[in-house]
Amino acid sequence: MSQSKANKLWGGRFADGPAALLEAINASIGFDQRLYPADIAGSKAHAAMLAAQGIISSEDETAIQEGLDTILQEIESGRFVFSAALEDIHMNVEARLAELIGPVAGRLHTARSRNDQVATDFRLWVRNAIDGFNEALKELQAALLDQAETHADAIMPGFTHLQSAQPVTFGHHMLAYVAMFGRDRARMRDARARVNESPLGAAALAGTSFPIDRKATALALGFDRPMENSVDAVSARDFALEFLAACAICATHLSRLAEEIVIWSSVQFRFVSLSDSFSTGSSIMPQKRNPDAAELVRAKTGRIVGALTGLSIVMKGLPLAYSKDMQEDKEPVFDAADSLSLCVQAMSRMIREMTVHTDNLLAAASAGHATATDLADWLARKLGMPFRDAHHVTGALVKMAEDAGGDLADLSLAQMRSIEPRMTEAVFDILTVQYSVASRTSFGGTAPKNVRAAIRAAREKL
Ligand code: ARG
C-alpha cells in the first residue's frame, strides 16, 4: 500500500486519511471496547468454523486462535492500546492481530462483515446483562421476602390515592414488590429467548458464497440457532429495544419502591429507618438523615426510560439492512444496564438493612377510619343491606365520628343506633384492624395466614 494515511483495513480505494471531525463522529471505540470479550469469542468461533469447513488451513487457524488469546490477555491486563483511528473494537482487534501474526490475520474476516460481527457481539453482551439481572433481581426478591417474613402480620395502612384505605400487613405489601420483580425477571427471560439467535455468517447482509456452517458458530457461542434471514440478522435491533423495555419497566417498579422508602422514612411517617450506611447527612441541618440512594434510584428511572425512547427514535424509519445510525445502539443500552444494575443492588441493600417500625405502622393503620369498609361489609352481611346502602350508613357514621373529633371505633353503640337501629355490640369487634386483616382471606388477600403461605410459595419459586 502506497497511500500511508489511508485506513489499513478498507483503505484500498481511499487516497487520504479521514478528517479529524469524521474520525470523532465515526469512532465508537470509546464505548464499544467493552464488547471485547464477545468480539474475541465470536472471532474464535468463526475461525474454528472456517478451519473445520476447509476454508482456512488449520495452521492459519492456530495462529489466529493464539493471536486472539494474546489480545484478550493484553486487553484484560490493560496493556492494549485502543486507537480511535481504528474506529471500533472489531478493527482494533483485527489490526492488532495483524501486528501479532502478520498477513494471516486477514483470513479471519473471510465470510464475515463487521455488520454481522457487531450484531453478534451486541447480542452476546445483552444476553450476559440479562443473566446478571436475573441474579440481581432474585437477590432483591430474597431481601424483600425476608422483610415480608419478619413482618408477615405487622399491620400498616394500605393506601389508595396515598390516602389511608384499608389495613394490610407489611408482609403483604412487600410481597407485591416480590411479584413485580418476578415479572421483571420473566420479561428478561422472554427477551433472552429472542436475543439468543446468531447473526454470525449473515456477512454484510446477503450471506456468503463460502461454504460456512452457521449452526456450528451459533452453538459454539451458546446461541439457540442461527437467525434465518441474513438481511434481518444484520438490521434487527428489536432485541436491544426489548431489553431496554424490560429495563425501563423494571426501573419504574424500583422507582415506586424508592418513592415509598422516601415517604416512609420521613419524620412525618416514620414507618421505616434506613441504615446509617444508606443515609446521608446535611451540611447545614444536623438533624437530617436523607434517603439519597432511594431518591437516585427514583431519578435514574428517567435515564433508563430515556434510553428506550432514544434508541426507538434511532431505529425508526431506518431502511434495511445496516446503517451507521445503528452504532448509536450501544451507549443507551450500556448506560441503562449500568444504571439499572446500580439501582437493583442499592435497593437490595436498602431493603435488607431497613428497620421497620411496626408500632408506628399499627398506629397509622388504626387512624383514618381504615376499617370503614369492614363495617360496610358487616352491615351488608349481617343485616342483609344492599352494599350501596351499607356504604351510605357507614359514611354517615364516619362523618359523625369526624364531627366528634374521633375515630369510627370511638362512637358509642347509642350513637351508632341513631343512624342504624339494628346495630349491635358485635360491631366493635369488626372495627379493629386485627379483625380487618385477618378477615381478608380471599385468594391473594392480606390475611396473615395467606401472607405466610404466599411467602412459602415465593421462596419455593425462587
Ligand atoms: N462500529 C460499528 C457499529 O457499531 C460496526 C459495524 C460497522 N459496519 C459498517 N458497515 N461500517 O455499528
Side-chain angles (χ1 to χ4, degrees), residues 6-14 17-19 21-43 45-46 71 75 80 82-98 105-106 108-129 195 198-208 217 221 227 230-241 243-244 307 310-338:
N7 185 290
K8 272 194 228 144
L9 296 165
W10 40 251
R13 64 183 285 262
F14 291 86
L21 261 178
L22 171 62
E23 184 174 304
I25 197 171
N26 208 25
S28 55
I29 189 63
F31 51 85
D32 72 11
Q33 51 180 269
R34 60 195 287 185
L35 292 177
Y36 78 84
D39 195 69
I40 290 174
S43 288
H46 185 67
I71 292 170
I75 297 177
F80 193 95
F82 291 104
S83 151
L86 291 166
E87 253 186 76
D88 57 24
I89 185 63
H90 325 295
M91 301 219 285
N92 270 267
V93 169
E94 198 182 325
R96 179 65 184 139
L97 190 63
L108 173 60
H109 216 52
T110 313
R112 184 178 80 170
S113 147
R114 275 190 295 156
N115 296 352
D116 57 338
Q117 197 180 353
V118 73
T120 303
D121 293 6
F122 201 25
R123 281 175 184 267
L124 290 173
W125 194 93
V126 169
R127 184 180 74 188
N128 192 46
V195 168
S198 176
L200 193 58
L205 80 163
T208 175
T217 47
L221 293 168
M227 290 181 75
S230 63
V231 173
D232 179 45
V234 297
S235 68
R237 290 296 182 273
D238 51 299
F239 72 90
L241 290 173
F243 170 64
L244 284 176
L311 184 56
S312 301
I313 294 170
V314 168
M315 294 310 298
K316 180 202 166 292
L318 275 190
L320 306 187
Y322 178 86
S323 297
K324 196 62 178 257
D325 308 51
M326 286 154 70
Q327 178 165 286
E328 288 290 310
D329 58 359
K330 287 164 211 70
E331 281 173 295
V333 167
F334 293 158
D335 187 70
D338 291 345

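Numbering of ligands and ligand atoms starts at 1, following listing order.
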[X] side chain to [Y] main-chain N or O, any donor-acceptor pair under 3.5 Å?
X      : Y      : answer
Asp238 : Leu241 : no
Asn92  : Ser83  : yes
Asp116 : Leu200 : no
Gln117 : Asp39  : no

Under a heavy-atom criterion of less than 4.0 Å, does Glu87 contact ligand 1?
-> no
For Gln117 and ligand 1, answer yes if some heavy atom of the residue is under 4.0 Å from a ligand atom, otherwise no.
-> no
I'd like to check which ligand 1 atoms, numbered from 1 as shown, lie under 4.0 Å from a non-hydrogen atom of [X].
X     : value
Asp88 : 1 (N), 2 (C), 5 (C)
His90 : 5 (C)
Ser28 : 1 (N)

Exactly one of Arg112, His90, His109 clears side-chain hydrogen bond (donor to acceptor under 3.5 Å, both in side chains) with Ser43, and that residue is Arg112
More than 12 non-hydrogen atoms from neighbouring residues, nucleotides or ligands closer than 6.0 Å to NZ on Lys324, yes or no?
-> yes
Give me the nearest non-hydrogen protein atom to [atom] as residue plus atom name, then the distance to 0.1 Å.
atom                    : result
atom 6 (C) of ligand 1  : Tyr322 OH, 3.4 Å
atom 2 (C) of ligand 1  : Gln327 OE1, 3.2 Å
atom 11 (N) of ligand 1 : Arg114 NH2, 3.5 Å
atom 8 (N) of ligand 1  : Asn115 OD1, 2.9 Å

Does Asp88 reach the side chain of Lys330, with side-chain heavy atoms less than 4.5 Å apart?
-> no
Report yes if some N/O of Lys330 lies less than 3.5 Å from some N/O of ligand 1; otherwise report no.
-> yes
